[in-house]
Asks: 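The structure follows.
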Amino acid sequence: MLMKRRREQTRELDLTAELRKEVRGEVRDDADTLRTYSRDASLFEVRPRVVVSPADTADLSALVAFASKHAGDVSLTPRSGGTDMTGGPLSSSIVVDMTAHLNHLKKVGDGWAMVEPGMYYRYFEVETLKRKLLLPTYPASRGICTVGGMVGNNAGGEKSLTYGQTGNFVSALRVVLSDAKEYLVQPLDREALSQKESLKGLEGKIYRDIRALCERSADVLRKAKPTVTKNSAGYDLWRVWDGTTFDLTKLLVGSQGTLGIITEIRFRLIPVKEHARQLVISLFDIRALTAVVSAVLRHHPESFEVYDDVTYRLARRCNGILAKQLGIHGRASAWWLFRRELLTYLSRRVPRLTFLVEFTGDDTHALDSAVAAAHAELRTLPVSLRDVQKEGDMRKERLIRRESYNLLRQQVPGKRAAPFIDDITVAADRLATFLPQLETILTPYHLSYTLAGHAGDGNFHIIPLMDLGDERQRQALPEITDRVYDLVFRFNGSMTGEHNDGLLRSPYLKEMYGKDVYALFEEVKKIFDPKGIFNPGKKVGASAAYAWKHVWA
Ligand SMILES: Cc1cc2nc3c(=O)[nH]c(=O)nc-3n(C[C@H](O)[C@H](O)[C@H](O)COP(=O)(O)OP(=O)(O)OC[C@H]3O[C@@H](n4cnc5c(N)ncnc54)[C@H](O)[C@@H]3O)c2cc1C
């Protein structure tokens, strides 16, 4: 009753007008803006009431104070590039756009960079490369996403086989928490942790309560940990406290804006390797999959990516678009660049799977030996092999893999690329048993789908092409999701290696980790955000019914 009255009061008080009094940045509720912000790259559509672009951190604090005052009615959902595939940055209340003003690079130092979350990764990389430094966890969406979104999702990419996910490269964060104050969060030793715990107010409480939670739940957490090398599901309680270092950044990374809003990131960067070589493996007989994966992993490449025959054909068809991205214009030049794909297509010998195995290093002799050793072992398997050495050729191969989802989204008329089982991960050595069982689940639905991803991590992006205007296909979504995730959980895998939970997967967290770990996630949320003002309905308190109701046709 009280909640209802408060909601009516806030509606009466004209949210847009009130917010304009609170912040200096833009406050927009025109139809075009609301339409734009009602979608990300997921299946879902949720219309916000208003979109605010805070001018600075002071604006952000004012917003949080406002949301706290009107808790129960309004909430804040941060949004950066809006390329999330889970509905993470969607909200029916206030969307906080981080890209308009909070987008500056503060400094690039020797092996590190300090940057605001709204900076697009493509601009960030230009600056780090000037110093021959790289953030190696960039996702395939590197041209359209921001560094803040990469932290929000704990994104990964083609180099994650070697370097892991974005969280591994976050050395400190500034974040506005639910008391509207900005805090610096970084790894602490025991003494620094005790000092934090002695503080009054929200900050002290968070350190005390999260440490206690980690210590009393160590057993429960250990038993529920999936056996995978990549995982973005839930809150990463596993890496917060090892008894020596207490690192709250691990909890904030990948939390999708549900615990606070990040205002600054300090990244660790790696030196760019001077040289690269690629082996392209064409696999025609899926039964050789395990042998190929094991053989490649024994040679420790920097990356090990895969895409399927559907992606191959799509790349051939869209050769003009891809060629343009490589700076090559004109139809004839595009055909020439993609002549191999054309000839393969015409000869009807398109490989079922194509693997890109990349080795990098500063010493060309060591690199040559590594490639030669891998080549020699792979030659004994029923595959075709190509050794790619020219940078231009390697860029082309990488682009086909990176653009697989974008091409599907934009270039298949009459069908929609439907990401809902898009990021499943199982241990790489179990793929040969897992993939046929997955196929058994999908076959009765007669879906065409593409498969691409990170073979070395057993992380596959499976994207069906569907007509979501067809009621039967819409109804199949929850059914397929239930069955596929159930299979993934039986393999002790993760339903998301890197794309995170959002509206799509949060409802399955209890099933993935069990009710005890899910209860810990609820506790974490309560400790950080007792009034539930940050991105509600993600991670905890999610509803599958709500999600499926918001699929757009
Ligand atoms: C074609 C395509 C390819 C993709 N490939 C990959 C891939 O290879 N690997 C991968 O990991 N993902 C991939 N994605 C998903 C997505 O692009 C990435 O996860 C990306 O890092 C999201 O960045 P963004 O700036 O778009 O974030 P957004 O979509 O704006 O936000 C992502 C999440 O972070 C939260 N958030 C944003 N800013 C903040 C902040 N300042 N503080 C707290 N929380 C915040 C949001 O609320 C949201 O929940 C792909 C998407 C597309 C469309």
Side-chain angles (χ1 to χ4, degrees), residues 37 39-42 54 57 60 64 75-91 94-99 101-103 115-122 124 135 137-160 164-167 170 173-177 230-232 252-265 303 305 398 401-410 417 419 422-423 425 452-454 457 459-461 463 496-506 528 534-539:
Y37 286 79
R39 288 191 191 164
D40 54 5
S42 73
T57 304
L60 203 50
V64 175
S75 64
L76 304 174
T77 294
R79 174 181 177 116
S80 293
T83 65
D84 190 290
M85 293 167 71
T86 72
L90 303 186
S91 160
I94 304 170
V95 167
V96 185
D97 163 38
M98 305 299 291
T99 56
H101 304 291
L102 288 157
N103 58 15
V115 58
E116 290 179 336
M119 185 173 203
Y120 281 92
Y121 176 81
R122 61 182 184 273
F124 177 72
L135 175 61
T137 59
Y138 57 79
S141 51
R142 64 210 297 273
I144 48 179
C145 77
T146 68
V147 293
M150 286 170 62
V151 174
N153 277 351
N154 198 12
E158 61 202 26
K159 292 184 191 291
S160 288
Q165 292 168 257
T166 300
V170 171
L173 292 171
R174 283 192 193 278
V175 53
V176 175
L177 295 178
K230 281 173 90 182
N231 181 22
S232 268
L252 291 161
V253 172
S255 65
Q256 293 203 303
T258 59
L259 303 179
I261 301 186
I262 294 158
T263 52
E264 190 180 274
I265 307 153
S303 67
E305 299 285 288
R398 286 180 206 128
R401 159 63 195 97
R402 282 179 190 160
E403 284 300 296
S404 53
Y405 177 47
N406 242 353
L407 290 178
L408 270 186
R409 282 206 305 162
Q410 294 164 8
D422 52 293
D423 196 26
T425 307
H454 315 288
D457 285 307
N459 179 202
F460 283 95
H461 304 319
I463 317 264
T496 173
E498 53 186 27
H499 295 170
N500 219 296
D501 299 315
L503 292 173
L504 178 65
R505 282 179 278 263
S506 297
F528 273 85
F534 291 126
N535 209 3
K538 322 285 162 52
K539 300 285 178 186

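Quantities reported herein were computed from a predicted structural model and do not represent experimental measurements. Atoms within each ligand, like the ligands themselves, are counted from 1 in listed order.
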Asks: Is any NZ, NE, NH1 or NH2 atom of the basic residue among K539 and D501 found under 4.0 Å from an Asp or Glu carboxylate oxygen of the other?
Replies: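 Yes, charged N to carboxylate O under 4.0 Å.
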Asks: Should R401 and E158 count as an ion pair when the cut-off is N to O under 4.0 Å?
Replies: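 No, this pair does not count.
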Asks: For ligand 1, what are the residues with a heavy-atom contact below 4.0 Å?
Replies: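 The 4.0 Å shell around ligand 1 contains A41, P78, R79, S80, G81, G82, T83, D84, M85, G88, P89, M98, P117, P139, A140, S141, C145, T146, G149, M150, G152, N153, A155, G156, Q256, G257, G260, I261, I262, Y405, N406, R409, E498, H499, N535.
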Asks: Taking the cut-offs as 6.0 angstrom to the six-membered ring centre and 45 degrees off its axis, would you call R409 and Y405 a cation-pi pair?
Replies: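 Yes.
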Asks: Any side-chain to backbone donor/acceptor pair from S141 onto I144? Under 3.5 Å, distance only.
Replies: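 No; zero donor-acceptor contacts below 3.5 Å.
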Asks: With a 4.0 Å cut-off, would you call R505 and D422 a salt bridge?
Replies: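 Salt bridge flag = yes for D422 with R505.
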Asks: Any idea how H499 and H461 line up, ring-wise: parallel (<30°), tilted (30 to 60°), or perpendicular (>60°)?
Replies: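 H499 vs H461 ring planes: parallel.
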